[in-house]
K.L.:
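The following block contains the structure, expressed as structure tokens.
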Amino acid sequence: MIAALAFVWLGMVLAISFVEAPLKFRASGVTVQIGLGIGRIVFRALNIIEAVLAAALIMTAIVTRPPTTGWVIAVVALFVVQVGGVKTWLGRRSNAVLAGNGEGRRSRAHLAYVAMEVLKVAGLVTLGVLATP
């Protein structure tokens with residue numbers, strides 16, 4: 001069950017963060033403001049699903065007490081820091097861009113969010129592989 005949850009979560013993160021998010025800005029007529037508006041909706045939905053998957057991983061680990069419990073804790077903690085801290089910081093930046101201020105190069109918040117996505121992907125791959133029977 002832990003492997004399945006990890007791989008479902010991994011697939012969602014890869015599809016949204018590494019495929020949908022960068023591609024939407026390449027579509028004809030999509031401005032930074034439109035892309036940010038779409039991104040907020042998509043990432044809000046993704047984060048809700050991630051929270052459900054994180055809770056399911058925690059509950060499964062509590063019930064089954066697998067040797068991968070440390071990886072479950074690490075991935076969930078990374079998600080909590082990413083959404084609770086970095087996404088809040090990123091939200092302030094996107095608010096400024098949407099208000100017409102601060103457009104230009106990527107912010108440090110965006111780079112931190114991407115770095116945490118990469119770490120989360122690595123953690124989910126590791127968790128999924130180690131939990132595979």
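Because the structure is predicted, anything quoted here is derived from the model rather than measured.
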K.L.:
What is the distance from atom CZ of F79 to atom CG of L119, rounded to the nearest 0.5 Å?
P.N.:
15.0 Å

K.L.:
Please report the closest heavy-atom contact between G128 and A3, naming both atoms and the distance.
P.N.:
O-CB, 3.6 Å

K.L.:
Let me see the working for V121 and S17 under side chain to side chain contact (heavy atoms under 4.5 Å, CB included), right down to the final yes or no.
P.N.:
CA-CA 10 Å; V121 163; S17 294; over 6 Å; no

K.L.:
Going by ring-ring contact (aromatic ring centres under 6.0 Å, His included), name the residues that satisfy it together with F7, two or more places apart in sequence or in a different chain.
P.N.:
none

K.L.:
Looking only at heavy atoms, what is the nearest atom pair of V86 and A109, with distance?
P.N.:
CG1-O, 3.7 Å

K.L.:
Taking all non-hydrogen atoms of both residues, which atom of L78 and which atom of K120 are closest, and how far apart?
P.N.:
CD2-N, 3.3 Å

K.L.:
Supply the atom-to-atom distance I73 CD1 to L57 CG, rounded to the nearest 0.5 angstrom.
P.N.:
11.0 Å

K.L.:
Working to the nearest 0.5 angstrom, can you tell me the gap between L36 CG and K24 NZ?
P.N.:
8.0 Å

K.L.:
Do I48 and F43 share a hydrophobic cluster (ILVMFWY, side-chain heavy atoms under 4.5 Å, transitive)?
P.N.:
no

K.L.:
Among E50, E117, K87, whose side chain to side chain donor-acceptor pair (under 3.5 Å) with Q82 holds?
P.N.:
E117

K.L.:
Write down the atom of E20, the atom of I38, and the distance for their closest heavy-atom approach.
P.N.:
OE2-CG2, 4.1 Å

K.L.:
Count I, L, V, M, F, W, Y as connected when their side-chain heavy atoms are under 4.5 Å apart, and connections chain through other members. Are V8 and V52 then in the same cluster?
P.N.:
no

K.L.:
Measuring from I2:CD1 to T132:OG1, what's the distance to the nearest 0.5 Å?
P.N.:
11.0 Å

K.L.:
Is there a continuous path of hydrophobic side-chain contacts, each under 4.5 Å between heavy atoms, that joins F25 to I16?
P.N.:
no

K.L.:
If you look only at distance, which donor and acceptor atoms sit under 3.5 Å apart when one is on a side chain in residues 58-72 and the other is two or more places apart or in another chain?
P.N.:
{"unit_1": "T60", "atom_1": "OG1", "unit_2": "A56", "atom_2": "O", "d": "2.7"}
{"unit_1": "T64", "atom_1": "OG1", "unit_2": "T60", "atom_2": "O", "d": "2.7"}
{"unit_1": "T69", "atom_1": "OG1", "unit_2": "P66", "atom_2": "O", "d": "2.8"}

K.L.:
Each residue besides L23 in its hydrophobic cluster should be listed here, by chain and number; the cluster joins Ile, Leu, Val, Met, Phe, Trp and Tyr at side-chain heavy-atom distances under 4.5 Å.
P.N.:
V19

